[in-house]
J.: 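To start, I am sharing the structure in question, which I have written as structure tokens.
Every chain is numbered from 1, with letters handed out A, B, ... down the list of sequences.
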There are 2 protein chains.
Amino acid sequence: MLTISQLAAYTGVTVRAVRHYHHMGLLPEPQRDASGYRRYGAKAVVSLVKIRTLAAAGVPLSQVAQMLEADAAAFSEAVQRIDSQLREEIERLEDSRKQIAQLAAGDNLALPPEVASYLDRLRQIGASERLVEAEREGWILAAASWPGHIAEMMPGKVEQLNNPQLVRLYRLASQLIDSNANDDDPRLEELADIMASMAEQADANGEMNIATTAHDELAFDLLDALAIESEPRIQRLQNLLRERGWAGWTRQRRLA
Amino acid sequence: MLTISQLAAYTGVTVRAVRHYHHMGLLPEPQRDASGYRRYGAKAVVSLVKIRTLAAAGVPLSQVAQMLEADAAAFSEAVQRIDSQLREEIERLEDSRKQIAQLAAGDNLALPPEVASYLDRLRQIGASERLVEAEREGWILAAASWPGHIAEMMPGKVEQLNNPQLVRLYRLASQLIDSNANDDDPRLEELADIMASMAEQADANGEMNIATTAHDELAFDLLDALAIESEPRIQRLQNLLRERGWAGWTRQRRLA
DNA sequence: ATGCAGGGTTGACGCAGCGTCAAGGTCAAG
DNA sequence: CTTGACCTTGACGCTGCGTCAACCCTGCAT
């Protein structure tokens, strides 16, 4: 007659596991001796070996009982089920590994790699880290808003960075974002001038009328809100832009 | 300002998950409106996208916070850690699949395949299902007692099945095990005769003195106990054997 | 005004498979 | 008699939410 720890040691499981199997009803409760200790016979060893064999093979405990009673056909059917569950789980984990490998490369947490290189270009033309970070968050939001459509926008955005006006704009913005300039800093006026000028050009080139869905409206609203949450002084800039005939931020439109 | 379900829908997670992230401290609790509803700004969208990106990549939530704050070096180090954890988990599951594939083939739950074919031979020489089942459980116990040493014993055991005396013994035992013969059935005497005779032969051939360790003693005790638990009438057989000068069951020794 | 559907709120249990205290009672040896 | 090793039951912890429960808020149709 074995005690619980002897049984556990013999079959290579923990005492806690044995009690757990009792609790699950997988292993019948044995008789108790005079002091209330569990006393196990040889059949318990055999049962426990079977249980831990199935459990070690990845069979959920909830299905072990059925499998122990199953005939050959039902058994191999169950084996098939378990195996395909294991395969699914493995596949999920493999996917995770791929995703995490994507993350490993640099700047692109939650972003396609095209955006990462766009952000690198921004740095090259003199944008400050804080501005790049703000852009990055904007593109994260954009990527969530239009999944799969961000990568194709990047070539155009990179191209635009060759525009000296835009370079000037980003540098000026970087200065302001890194300073504690207040609302009457004259550089804000300069920024507004540049933006108004660029808006005029875009409008003239017919680059400004994009049909938008309701979902798009929300997305643009969020982008605008993100900008202001990140940098409240943008509100002042928006006022200056309105004085120059332009409303909006992420997407601008001419005032009546 | 978004409600919680709008935020959740926008980022592709469930409302419950968002609240869970609040609870974990991953996502800061936003301000409440007049009626106590959570109201989210655009930054929350960005934060949530980052969180679900890491989570979807298999990063444990407990480590997400650190990774969001980490610099490039710490980040890629963390990625390495996560990845190796994922690899380990995948390996465990692959092992499970191998184990379960082993189980798939027939008779060998918790037994090496050599034993399965030995059991098949037993059936062929006329052993009943119940006897085979009892043998099977015995070998499960043996396999747990001497892991890795069972396979090498099988050729000898199969060989022994060519002994007509042993065949007779198994057939007789099968009859008795399937009947409700009581202790004074004459076939018990015949069984005892055969077993005593075979013991004499084994003894004469010097096949009976195996050095045993303490662990072995326990194993043999368990095997004996298993036999009696499975078939109490074996006790009567043991008495008859003792009358013929032999003690024990799984392992027999001559009485003084 | 009212009622109802469809939000929102906190709180708590459930799952899988045990690990790990807690707070004792028991046993064997010195 | 003490001590240390084992036994008992009971209950929380872990992971990442899903799923009630019980109740409050809001906006729209009647």
J.: To the nearest Å, how far apart are Gln85(B) CD and dC14(D) C1'?
T.: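 Checked: the CD to C1' distance equals 14 Å.
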
J.: Within the structure provided, determine whether Ile228(B) and Trp249(B) are in side-chain contact (heavy-atom separation under 4.5 Å).
T.: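 They are not in side-chain contact.
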
J.: Only pairs at least two apart or in different chains count here, so list each ring pair (Phe, Tyr, Trp, His ring centres under 6.0 Å) that has a residue in residues 36-58 of chain B.
T.: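 Applying ring pair (Phe, Tyr, Trp, His ring centres under 6.0 Å) to every pair that reaches into residues 36-58 of chain B, excluding sequence neighbours, yields His22(B)-Tyr40(B).
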
J.: Looking at residues 26-63 of chain A, who's got a heavy atom less than 4.0 Å off DNA chain C?
T.: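 Ser35(A), Tyr37(A), Pro60(A), Leu61(A), in order of number.
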
J.: So, for Ala142(A) and Leu223(A), which heavy atoms are closest and what is the spacing to 0.1 Å?
T.: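 That would be N-CD2, 4.5 Å.
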
J.: Compare all side-chain heavy atoms of Trp139(B) with those of Glu135(B) and state whether any distance is below 4.5 angstrom.
T.: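 In contact.
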
J.: Answer yes or no: is there an ion pair linking Glu94(A) with Arg87(B), defined by an N-O contact shorter than 4.0 Å?
T.: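 No, no charged N to carboxylate O under 4.0 Å.
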
J.: Assess, by modelled atom type and distance only, whether the side chains of Arg38(B) and Gln31(B) contain a donor and an acceptor separated by less than 3.5 Å.
T.: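 Result is no, nothing qualifies.
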
J.: Could you tell me which residues satisfy side chain to side chain donor-acceptor pair (under 3.5 Å) with Lys157(A), sequence neighbours excluded, listed by chain and number?
T.: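 For Lys157(A) there are no side chain to side chain donor-acceptor pair (under 3.5 Å) partners, ignoring immediate neighbours.
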
J.: Looking only at non-hydrogen atoms, find the nearest pair between Glu229(A) and Ala42(B) and report the distance.
T.: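 Heavy atoms of Glu229(A) and Ala42(B) come nearest at OE2-N, 2.7 Å.
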
J.: Mind checking which nucleotides bracket the chain A contacts on DNA chain C, 5' to 3', with an atom under 4.0 Å from a heavy atom?
T.: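 The footprint of chain A covers dG17(C) to dC27(C).
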
J.: Among Leu27(A), Val18(A), Val59(A), Val13(A), find the residue that satisfies the side chain to side chain contact (heavy atoms under 4.5 Å, CB included) test when tested with Ile51(A).
T.: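 Single pass found, and it is Leu27(A).
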
J.: With a 4.0 Å heavy-atom cut-off, tell me which residues in residues 7-25 of chain A come close to DNA chain D, sorted by residue number.
T.: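 Correct list: Arg16(A), Arg19(A).
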
J.: Please list, chain by chain and in numerical order, all residues satisfying side chain to side chain contact (heavy atoms under 4.5 Å, CB included) with Arg251(B), sequence neighbours excluded.
T.: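 Arg251(B): side chain to side chain contact (heavy atoms under 4.5 Å, CB included) contacts with Thr212(B), Glu217(B), Phe220(B).
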
